[in-house]
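As the structure is a computational prediction, the values presented were derived from the model and not from experiment.
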Amino acid sequence: MDNKAKKLLLHACCAPCSPHVIRTLKAQYDLTVYFYNPNIHGAGEYELRLAEVRRLCDDLGVPLVEGPYDPERFFDQVGPFASSGEGGERCVVCFRLRLDELCRKAVELGAEVVATTLTASPHKKAALVNPQGVAAAAEAGGNLTFLEEDFKKKDGWRITCQLARPYGFYRQNYCGCAYSKAESEKRDNSERPADSR
C-alpha cells in the first residue's frame, strides 16, 4: 500500500519543533497531529504551547487531536526519577508515557503508523526516544508501526528553525516539566553576575 494512504498519528511536543516534521510527513502520509504533553508544568504554560500547535496545524491544514492535560499522571510516573537530571531516567519515563498515549490514541483512531517530533530537538536524543516508541507501538497492538527517525539530522533542525521563524512562535527556555524548569532557573541564576554594589 502506498504510504499516502496510510494514516499516521504524529505526537507534537511543541510548535517550534514541528514545522519541518509536519511538512515532511504530510507529504508522505495521511497525517493527523496529536498533542499530549502532561509533562508541561503549569496550566498557563500548557495552554500557551497548545495554542501555538493549533496555530501551526491550522496554517498547514493538518487535523489536530488534543489529548487530556493530566499532570497528575506525569508526576505519578516520573516523580520517582525527578533527580535523574535532564536526559536521564526521568526523561525516558516521560517519553514512554507520552508515546504510550500516542499509540493508544492511534489504535483508537485506526492509524497504522505513529511518530513524534521529540527527535527534532537538539536536546532530545533519538537513541533514547525511538526505543520507547518502538516498545509502545508493539505493546499497543493493532499492527502499529513506530517511525524511527532522528528529525534533527540531515539539516532537519536548521530547516525547522527556518520554517518556524516567520510564525514568531513562543519559545520556551526549558523542556516543559517542573524539574527541567527548576534546573533552567538554577542555571540562569548561576550565570547571573553577582551584585557589584
Side-chain angles (χ1 to χ4, degrees), residues 2-4 6-40 49 52-53 56-57 60 62 64-65 67 74 78 81 84-106 111-140 143-165 167 169 171-177 179-180 183-184:
D2 178 22
N3 275 352
K4 194 63 181 161
K6 288 186 178 178
K7 290 183 177 180
L8 186 148
L9 189 64
L10 173 68
H11 166 259
C13 57
C14 65
C17 286
S18 298
H20 178 53
V21 180
I22 290 175
R23 285 173 181 243
T24 299
L25 295 180
K26 183 182 177 189
Q28 299 171 8
Y29 294 92
D30 178 3
L31 179 68
T32 298
V33 171
Y34 186 48
F35 189 84
Y36 177 73
N37 297 289
N39 58 305
I40 298 174
R49 295 190 194 197
E52 293 290 61
V53 171
L56 176 62
C57 288
L60 296 179
V62 175
L64 171 65
V65 176
F74 168 80
V78 177
F81 308 97
S84 67
E86 191 79 23
E89 188 67 18
R90 78 161 188 248
C91 293
V92 173
V93 174
C94 179
F95 299 153
R96 184 57 185 269
L97 167 64
R98 291 188 275 171
L99 296 173
D100 277 343
E101 177 60 22
L102 169 72
C103 292
R104 187 201 64 74
K105 180 57 78 172
E112 299 144 281
V113 185
V114 290
T116 181
T117 61
L118 283 165
T119 65
S121 168
H123 305 292
K124 302 289 180 282
K125 294 180 181 173
L128 294 179
V129 175
N130 286 336
Q132 300 309 312
V134 170
E139 287 183 19
N143 295 318
L144 202 55
T145 300
F146 179 78
L147 198 60
E148 293 185 74
E149 291 286 346
D150 190 346
F151 288 111
K152 74 179 81 48
K153 299 286 182 161
K154 299 177 187 170
D155 260 352
W157 179 243
R158 182 186 61 78
I159 294 166
T160 211
C161 288
Q162 284 179 335
L163 292 172
R165 195 170 296 121
Y167 289 98
F169 287 134
R171 285 188 171 272
Q172 60 279 3
N173 64 354
Y174 65 102
C175 174
C177 73
Y179 312 119
S180 67
E183 289 166 2
S184 174

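For Asp150 against Thr119, the heavy-atom pair with the smallest separation is OD1-O, 3.2 Å. Taking both residues in full, the closest heavy atoms of Ala15 and Val53 are given as N-CG2, 3.5 Å, listed atom of the first, atom of the second, then distance. The shortest non-hydrogen separation linking Lys6 to Val113 is CD-CG2, 4.2 Å. Between Cys94 and Phe74, the shortest heavy-atom contact is SG-CE1, 3.8 Å. The two residues Thr145 and Ala137 have their closest heavy-atom pair at C-CB, 4.4 Å. Of all the heavy atoms in Leu56 and Ser18, the pair that sits closest is CD2-CB, 3.6 Å.
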Please report, to 0.1 Å, the donor-acceptor pairs under 3.5 Å made by any side chain of residues 158-165, with sequence neighbours excluded.
unit_1, atom_1, unit_2, atom_2, d
Arg158, NE, Asp155, OD2, 3.2
Arg158, NH1, Gln162, OE1, 3.2
Arg158, NH2, Asp155, OD2, 3.0
Thr160, OG1, His20, N, 3.2

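Taking the side-chain hydrogen bond (donor to acceptor under 3.5 Å, both in side chains) definition, one finds that Lys26 meets it with nothing, sequence neighbours left out. Applying the side chain to side chain contact (heavy atoms under 4.5 Å, CB included) criterion to Lys7, with sequence neighbours excluded, gives Asp30, Ala111, Glu112. Checked against side-chain hydrogen bond (donor to acceptor under 3.5 Å, both in side chains), Glu52 has the following partners two or more places apart in sequence or in another chain: Arg55. Residues passing the ring pair (Phe, Tyr, Trp, His ring centres under 6.0 Å) test with Phe169, sequence neighbours excluded: Tyr167. Under the side chain to side chain contact (heavy atoms under 4.5 Å, CB included) criterion, Cys13 pairs with His11, Cys17, Asn37, Arg98, Thr117, Leu118, not counting sequence neighbours. Scored by the side chain to side chain contact (heavy atoms under 4.5 Å, CB included) test, Val134 finds Phe146, Glu148 as partners (sequence neighbours excluded). For Phe81, the ring pair (Phe, Tyr, Trp, His ring centres under 6.0 Å) test picks out no residue, with sequence neighbours left out. The ring pair (Phe, Tyr, Trp, His ring centres under 6.0 Å) test applied to Tyr34 returns no partner, not counting sequence neighbours. Listed by chain and number, the residues in a side chain to side chain contact (heavy atoms under 4.5 Å, CB included) with Glu139 are Arg96 (sequence neighbours excluded).
For the pair Ile40/Phe35, a side-chain contact is recorded, criterion being any heavy-atom separation below 4.5 Å from C-beta on. The shortest distance between side-chain heavy atoms of Leu31 and Leu9 does not fall below 4.5 Å. No side-chain heavy atom of Thr24 sits under 4.5 Å from any side-chain heavy atom of Val21. Contact of the Leu97 side chain with the Glu101 side chain is not registered, since no non-hydrogen atoms from C-beta on lie closer than 4.5 Å.
Atom CG of Leu102 sits about 11.0 Å away from atom OH of Tyr36, to the nearest 0.5 Å. Separating the CG atom in Asp100 from the CD atom in Gln132 is a distance of 8.5 Å, to the nearest 0.5 Å.
Of the options Thr32, Leu147, Leu25, Val62, a side-chain contact (heavy atoms from CB on, under 4.5 Å) to Leu10 is made by Leu25 and by none of the others.
Among residues at least two apart or in separate chains, there is no salt bridge (charged side-chain N to carboxylate O under 4.0 Å, His left out) pair with a member in residues 9-18. Pairs of residues two or more places apart, or lying in two chains, that qualify as salt bridge (charged side-chain N to carboxylate O under 4.0 Å, His left out) and include a residue from residues 115-135 are Glu86-Lys124.
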Next on the checklist: Val33 vs Val65, test: side chain to side chain contact (heavy atoms under 4.5 Å, CB included). Steps then yes/no.
Outcome noted: CA-CA 6 Å; Val33 171; Val65 176; over 6 Å; no
